[in-house]
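Here the structure is a predicted model, which is why all the values come from computation and not from measurement. Each residue takes its place number in the sequence, starting with 1.
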Amino acid sequence: MIRVIPYVQSIPISSSAPPPGQVMLLLDSDKFFAHALSLQSATGGSVYVLDETGAAVYQTPDAPGLPAGVLNSAEALVTADHISYTRYVSEETGWTYFITSPANLYFTDNLSTIGFLGGVFAVYLLLGLFLVRRIARRSYRPVKDINDLILQSAPGGAGDDEFAVIKSTLLNQMRSGTELQRIIEAQRPAVVRDLLLQLLLGQTLDWDGARSQLEALGVRFGGDAYIAVLAEADLDSAFFLDSNIPLENNLSVARLVLQNVGCELFGANAACQYLDLGRAQGVFLLSPPSGENDAAALAAASRQGDALARFCAQQFELDIFVGVSAMEQGLEQLPLCYDEARKALEYSRLQAGGGTEPVLFTALDVTHSDYYYPLEAEQQLLQYVRAGDAAKAQEVLGRIFTANFETKRVSAAAARSLLYQLAATLQRLANSDALAQGGGADFDEQLVEQVVNSSSIDYARRRLSEHIARLAAAHENRAQSKTEKLVERIAAYIDNCAESEFPDLTVLSEAFGVTPQYISNVFKKYRDENVKDYIARRKLAQAKALLTGTDLPVREVAARLGYAGEIGIIRLFRKYEGTTPGDYRAQHK
């Protein structure tokens with residue numbers, strides 16, 4: 001049986017007059033509503049078609065009847081008995097269409113998809129947690145190591161929150177660093193003074209290092225030429241005659257006047273550094289701009305020294321003596337500048353009514369017979385010879401020869417006086433050594449005579465160098481013997497302490513009365529091993545004995561060796577054995 005749907009159509013379709021005819025079509029309902037069957041199989045629901053009178057035109061096979069509540073409702077979506085009815089009314093035909101679907105259709109159709117996605121999410125969640133844990137443990141290891149180091153150095157700072165411990169430690173260190181910087185800044189003037197004083201007295205051989213130190217301390221010179229201006233207050237001035245004011249107070253005021261007024265005057269034409277030499281003396285180190293000739297620079301320094309002397313005399317009734325050196329090239333010539341300024345100052349004191357005019361070293365009538373060999377250079381030469389350091393002693397000798405025979409070009413008479421003083425210095429040391437060894441004086445008249453009457457400066461220098469090398473070697477041999485014995489005593493002391501508690505450098509320094517740095521240096525020199533490594537190897541030997549000969553826990557073994565925790569002994573074994581204490585015990589016990 002074929003179910004049909006009659007369809008009547010007037011002809012013509014668009015005419016408004018009474019139609020001349022009509023056409024009736026019989027439509028196969030199953031074919032006409034074939035799309036409804038497809039929709040039913042896809043959704044699992046039913047399709048209903050009602051005409052404008054509400055009569056059923058079509059419904060999918062086996063579809064239940066429409067509830068009255070659904071037919072009477074004008075809502076587009078009505079739910080009854082867990083079934084959703086979607087209603088649609090055609091404006092052209094007036095027919096009503098209903099499509100049904102289970103109320104839980106969306107959940108039912110997507111349940112498998114939701115389950116699959118939930119499984120994928122769970123897998124990725126577990127994988128993510130695993131990776132996060134691995135990364136967190138890896139990132140946390142440095143934090144734990146830092147925390148262990150902090151606790152090892154300061155056990156009192158222990159806490160459950162490692163980050164809080166590290167934060168508080170860093171903050172404390174930053175505060176300490178700020179305080180240290182403030183202390184260093186407060187001490188900077190004293191450090192600058194000591195460094196400049198060492199340079200003036202020639203107590204350094206590392207001039208490049210000294211230049212770097214000056215730059216690091218903020219000391220700047222205008223060029224590589226230098227003039228020293230030495231000023232000294234006359235203690236017989238009216239300024240010091242007031243008996244109601246202590247002398248030290250007046251000296252402080254005098255030094256303050258010299259520094260402030262002098263730096264302002266001398267700093268107008270050159271870079272100026274002032275160095276207070278104590279009591280009533282101060283020296284101005286001037287560095288004229290590059291390219292300025294000697295005569296112009298010295299004339300400017302003389303004028304400013306004269307202005308300083310006149311200002312002090314007029315304003316404070318303070319007379320001062322001023323000596324100006326020649327202009328020398330190179331930082332290493334500062335000792336020569338200072339020596340020349342001192343000699344010029346001596347002549348300034350001899351002037352009638354001194355304190356009014358500076359004295360230039362270059363203007364002295366006796367410059368042709370002057371030579372450079374100050375007390376500081378002699379002391380430095382003897383210091384290096386006594387220390388057995390022939391190389392540095394030779395450097396001092398070379399500097400003295402350069403200053404006198406290249407920079408100053410002293411006269412023959414001055415050269416003989418210099419050579420005699422050098423030979424006498426070394427001979428006095430040789431005699432002192434001979435007496436200390438229980439022998440008689442060993443004054444070599446022939447040596448002094450050979451040096452003084454040398455046919456050339458080079459020959460005299462060779463003879464002096466040979467004498468320096470011989471004396472330095474003798475002192476070095478005696479020092480080596482004494483130092484070797486000290487190293488052996490230190491090693492024995494460490495060995496004897498092994499059964500109780502190993503000493504550190506501070507303890508060794510106090511026990512032997514020398515600095516920790518000295519102990520490190522001599523131990524390394526004579527034992528070819530750092531003292532810390534020697535102590536570490538002794539600790540390692542004792543740790544091995546305890547691990548293989550006892551059942552003590554590793555922590556207790558570490559405590560017996562003086563470590564605050566296991567991390568110290570673990571690092572010891574990793575450094576020297578490439579393993580851990582536990583693995584070493586398992587392999588050798």
Engineer: With a 3.5 Å distance limit and no angle check, can you tell me whether Gln394 reaches the backbone of Ser465 through a side-chain donor-acceptor pair?
Structural biologist: yes
Engineer: To the nearest 0.5 angstrom, please state how far the CG atom of Leu540 sits from the CG atom of Asp533.
Structural biologist: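 If I round to the nearest 0.5 Å, the distance is 11.5 Å.
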Engineer: Nearest heavy-atom pair of Ala393 and Val385: which atoms, and what distance?
Structural biologist: CB-CG2, 3.8 Å
Engineer: Mark yes or no for whether Arg220, through its side chain, and Glu215, through its backbone, hold a donor-acceptor pair below 3.5 Å.
Structural biologist: yes
Engineer: Side chains of residues 512-520: which donor-acceptor pairs under 3.5 Å do they make with residues two or more places apart or in other chains?
Structural biologist:
{"unit_1": "Thr515", "atom_1": "OG1", "unit_2": "Tyr518", "atom_2": "N", "d": "3.1"}
{"unit_1": "Gln517", "atom_1": "NE2", "unit_2": "Asn521", "atom_2": "OD1", "d": "3.0"}
{"unit_1": "Ser520", "atom_1": "OG", "unit_2": "Pro516", "atom_2": "O", "d": "3.2"}

Engineer: Search all heavy atoms of Pro288 against all heavy atoms of Ala225 and return the closest pair with its distance.
Structural biologist: CD-O, 3.4 Å
Engineer: Report the C-alpha distance between Leu422 and Val451 in whole Å, list the side-chain angles of each, state the deciding distance to 0.1 Å, and finish with yes or no for side-chain contact (heavy atoms from CB on, under 4.5 Å).
Structural biologist: CA-CA 9 Å; Leu422 286 169; Val451 170; 6.0 Å; no
Engineer: Are side-chain heavy atoms of Arg342 and Pro374 found at a separation under 4.5 Å?
Structural biologist: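 Side chain of Arg342 against side chain of Pro374, heavy atoms only: contact under 4.5 Å found.
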Engineer: Do Leu199 and Pro335 have side chains that get closer than 4.5 Å, going by heavy atoms?
Structural biologist: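 In short, these two side chains do not touch, never coming nearer than 4.5 Å.
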Engineer: Could you tell me if the side chain of His475 sits less than 4.5 Å from the side chain of Leu429, heavy atoms only?
Structural biologist: yes
Engineer: Checking Gln383 now: which residues fulfil side-chain contact (heavy atoms from CB on, under 4.5 Å) with it, not counting sequence neighbours?
Structural biologist: none
Engineer: How many angstroms lie between atom CG of Leu505 and atom CZ of Phe523, to the nearest 0.5 angstrom?
Structural biologist: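 If we round to the nearest 0.5 Å, Leu505:CG and Phe523:CZ are 10.0 Å apart.
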Engineer: Look up atom NZ in Lys408 and atom OG1 in Thr402, then write down how far apart they are to the nearest 0.5 Å.
Structural biologist: 13.5 Å
Engineer: Are a donor atom and an acceptor atom from the side chains of Gln380 and Arg399 found within less than 3.5 Å of each other?
Structural biologist: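 Looking only at side-chain atoms, Arg399 and Gln380 do form a donor-acceptor pair, the distance falling under 3.5 Å.
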Engineer: For a quick test of reading the model, state the closest non-hydrogen atom pair linking Leu286 to Ala270 and the distance between them.
Structural biologist: CB-CB, 4.3 Å
Engineer: Please name all residues satisfying ring-ring contact (aromatic ring centres under 6.0 Å, His included) with Tyr274, sequence neighbours left out, ordered by chain then number.
Structural biologist: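 If we apply the ring-ring contact (aromatic ring centres under 6.0 Å, His included) test to Tyr274, skipping adjacent residues, the hits are Phe284.
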Engineer: Can Leu285 and Tyr226 be said to form a side-chain contact (heavy atoms from CB on, under 4.5 Å), step by step?
Structural biologist: CA-CA 7 Å; Leu285 302 179; Tyr226 302 92; 5.9 Å; no
Engineer: Between Glu466 and Arg461, is the closest basic N to carboxylate O distance under 4.0 Å?
Structural biologist: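 Salt bridge flag = no for Glu466 with Arg461.
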Engineer: Less than 4.5 Å apart, any side-chain heavy atom of Val522 and any of Val531?
Structural biologist: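 Not in contact.
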Engineer: Do you know which two heavy atoms are closest between Leu251 and Ala280, and how far apart they sit?
Structural biologist: CD2-CB, 4.0 Å
Engineer: Taking the side chain as every heavy atom from C-beta outward, state whether Ile468 and Tyr384 have any atom pair closer than 4.5 Å.
Structural biologist: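 No. Closest side-chain heavy atoms not under 4.5 Å.
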Engineer: Are Asp370 and Lys343 ion-paired here, with the side-chain N under 4.0 Å from a carboxylate O?
Structural biologist: yes
Engineer: Less than 4.0 angstrom from a charged side-chain N to a carboxylate O is my criterion; do Asp206 and Lys392 meet it?
Structural biologist: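 Judged by the 4.0 Å cut-off on N to carboxylate O distance, Asp206 and Lys392 do not form a salt bridge.
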Engineer: Output yes when Arg255 and Glu248 qualify as a salt bridge under the 4.0 Å nitrogen-oxygen rule, no when they do not.
Structural biologist: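 So Arg255 does not pair with Glu248 through a salt bridge.
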Engineer: Any side-chain donor-acceptor pair under 3.5 Å between Asp495 and Tyr534?
Structural biologist: yes
Engineer: Do Leu547 and Phe573 come within less than 4.5 Å of each other through their side chains, counting heavy atoms only?
Structural biologist: yes
Engineer: Using only heavy-atom distances, determine whether the side chains of Thr204 and Gln198 contain a donor-acceptor pair under 3.5 Å.
Structural biologist: no
Engineer: Kindly compute the distance separating CG (Leu471) from CG (Leu381), expressed to the nearest 0.5 Å.
Structural biologist: 9.5 Å
Engineer: Minimum heavy-atom separation for Leu426 and His467, please, with both atom names.
Structural biologist: CB-CD2, 3.4 Å
Engineer: Could you please spell out the steps behind the side-chain contact (heavy atoms from CB on, under 4.5 Å) verdict for Glu529 and Lys524?
Structural biologist: CA-CA 5 Å; Glu529 180 181 28; Lys524 178 69 174 177; 5.8 Å; no
Engineer: Are any non-hydrogen side-chain atoms of Val219 and Gln273 less than 4.5 angstrom apart?
Structural biologist: yes
Engineer: Just checking, any donor-acceptor pair under 3.5 angstrom between side chains of Asn453 and Tyr420?
Structural biologist: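 There is no such pair (donor and acceptor under 3.5 Å, judged by atom type) between the side chains of Asn453 and Tyr420.
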Engineer: What do the steps show when you test Glu378 against Arg428 for salt bridge (Lys or Arg N to Asp or Glu O under 4.0 Å), and what is the final call?
Structural biologist: CA-CA 12 Å; Glu378 180 184 35; Arg428 285 197 302 272; 2.6 Å; yes
Engineer: Which heavy atom of Asp551 sits nearest to which heavy atom of Arg585, and what is that distance?
Structural biologist: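 Nearest pair, atom of Asp551 first, then Arg585: C-NH2, 3.9 Å.
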Engineer: May I have the step-by-step check of side-chain contact (heavy atoms from CB on, under 4.5 Å) for Asp276 and Gln259, ending in yes or no?
Structural biologist: CA-CA 8 Å; Asp276 185 2; Gln259 178 177 357; 5.9 Å; no
Engineer: Hey, is CG on Asp528 packed in by over 12 heavy atoms from elsewhere, all under 6.0 Å?
Structural biologist: no
Engineer: Answer with yes or no whether the side chains of Thr580 and Asp583 bring together a donor and an acceptor at under 3.5 Å.
Structural biologist: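 Result is yes, a qualifying pair exists.
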Engineer: Please determine which of Asn404, Leu418, Leu419 meets the side chain to side chain contact (heavy atoms under 4.5 Å, CB included) test together with Tyr373.
Structural biologist: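 Looking at Asn404, Leu418, Leu419, the match for Tyr373 under the side chain to side chain contact (heavy atoms under 4.5 Å, CB included) is Leu418.
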Engineer: Quick check: does any side chain N or O of Ser325 sit under 3.5 Å from a backbone N or O of Glu340, one acting as donor and the other as acceptor?
Structural biologist: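 Flag not set: sc Ser325 to bb Glu340 has no pair under 3.5 Å.
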Engineer: Please determine whether a side-chain nitrogen of the Lys or Arg among Arg211 and Asp224 lies less than 4.0 Å from a carboxylate oxygen of the Asp or Glu.
Structural biologist: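 A salt bridge is present here (some side-chain N lies under 4.0 Å from a carboxylate O).
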Engineer: Is there a side-chain contact between Val507 and Tyr493, using heavy atoms and a 4.5 Å cut-off?
Structural biologist: yes
Engineer: As an exercise, state the distance from OG of Ser454 to CG of Leu464, rounded to the nearest 0.5 Å.
Structural biologist: 7.5 Å
Engineer: To the nearest 0.5 Å, tell me how far Asp339 CG sits from Tyr372 OH.
Structural biologist: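 Between atom CG of Asp339 and atom OH of Tyr372 there are 6.0 Å.
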